[in-house]
Amino acid sequence: MKQLQSAGYIPTTCFTLPKTCWTDNFYAPQVEVQKAFQRKHANNDAAHAFIENQRHEQRLYEKYKEYYGYVFYIVKKRQ
């Protein structure tokens, strides 16, 4: 907030995305899409590495979700 204020903005509110945004709306829908993508690109090592990277990211989220997240800041430019 201090950086926003020193840059000439007035903070009006801030909020974090709830965990369900990640679990229900981001990671859960990926499961079937990832499977379909891997079937479509069955012989493509890069495609499989890409999916494995996404799954690794999800595992990291599950392990460390108490320690990080997204925060949105709503601000107004000072007149």
Side-chain angles (χ1 to χ4, degrees):
M1 290 293 190
K2 191 173 190 172
Q3 287 179 317
L4 288 169
Q5 291 171 332
S6 65
Y9 293 93
I10 301 168
T12 58
T13 191
C14 68
F15 61 92
T16 58
L17 286 181
K19 289 179 179 78
T20 56
C21 283
W22 294 105
T23 56
D24 299 351
N25 300 318
F26 186 66
Y27 291 122
Q30 285 186 13
V31 173
E32 291 305 316
V33 173
Q34 289 172 349
K35 289 178 187 177
F37 184 82
Q38 285 193 303
R39 282 192 302 272
K40 182 176 180 180
H41 303 282
N43 297 318
N44 186 323
D45 291 341
H48 287 282
F50 172 71
I51 295 300
E52 180 50 38
N53 186 60
Q54 288 186 317
R55 291 176 178 163
H56 176 69
E57 177 188 310
Q58 182 177 1
R59 288 189 299 271
L60 288 175
Y61 175 78
E62 289 299 325
K63 187 174 181 178
Y64 297 109
K65 63 186 170 196
E66 298 302 318
Y67 303 102
Y68 74 93
Y70 279 92
V71 179
F72 289 86
Y73 298 91
I74 311 299
V75 299
K76 293 191 297 186
K77 183 75 174 164
R78 191 174 293 128
Q79 299 288 354

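When a residue number appears, it is its place in the shown sequence, counting from 1.
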Determine whether more than 12 heavy atoms belonging to other residues, nucleotides or ligands lie under 6.0 Å from atom OH of Tyr64. no
Specify whether His41 and Phe37 have parallel, tilted or perpendicular ring planes, treating 30° as the upper limit for parallel and 60° as the lower limit for perpendicular. tilted
Taken to the nearest 0.5 Å, the spacing of His56 NE2 from Gln54 CD works out to 12.5 Å
Which word best sums up how the rings of Trp22 and Tyr61 line up, parallel for under 30°, tilted for 30 to 60°, or perpendicular for over 60°? tilted
Could you report the tightest heavy-atom contact between Ala28 and Asp24, atom names first, then the distance? CB-O, 3.9 Å
Using side-chain contact (heavy atoms from CB on, under 4.5 Å), reason through Phe26 and Gln58 one step at a time and then give a plain yes or no. CA-CA 10 Å; Phe26 186 66; Gln58 182 177 1; over 6 Å; no
Is Tyr9 linked to Met1 within one hydrophobic cluster, defined over Ile, Leu, Val, Met, Phe, Trp and Tyr using a side-chain heavy-atom separation of less than 4.5 Å? yes
So does Phe50 have more than 12 non-hydrogen atoms from other groups sitting under 6.0 Å from CZ? no
Is there a continuous path of hydrophobic side-chain contacts, each under 4.5 Å between heavy atoms, that joins Ile10 to Ile74? no
Can you tell whether the side chains of Arg59 and Glu62 come within less than 4.0 Å, N to carboxylate O? no
According to side chain to side chain donor-acceptor pair (under 3.5 Å), who are the partners of Gln38, at least two apart in sequence or on a separate chain? His48, Arg55
Using the rule that Ile, Leu, Val, Met, Phe, Trp and Tyr join whenever any side-chain heavy atoms are under 4.5 Å apart, tell me whether Phe15 and Tyr70 fall into a single cluster. yes
What pairs with Arg39 under side chain to side chain donor-acceptor pair (under 3.5 Å), at least two apart in sequence or on another chain? none
Going by the rule side chain to side chain donor-acceptor pair (under 3.5 Å), which residues pair with Tyr73 if we only count those two or more places apart in sequence or in a different chain? none
So for atom NZ, which belongs to Lys77, do other residues, nucleotides or ligands contribute more than 12 heavy atoms lying within a distance under 6.0 Å? yes
Can Leu4 be reached from Val71 by stepping across I, L, V, M, F, W or Y side chains whose heavy atoms are under 4.5 Å apart? yes
More than 12 heavy atoms of other residues, nucleotides or ligands under 6.0 Å from CG of Asp45: is that the case? no
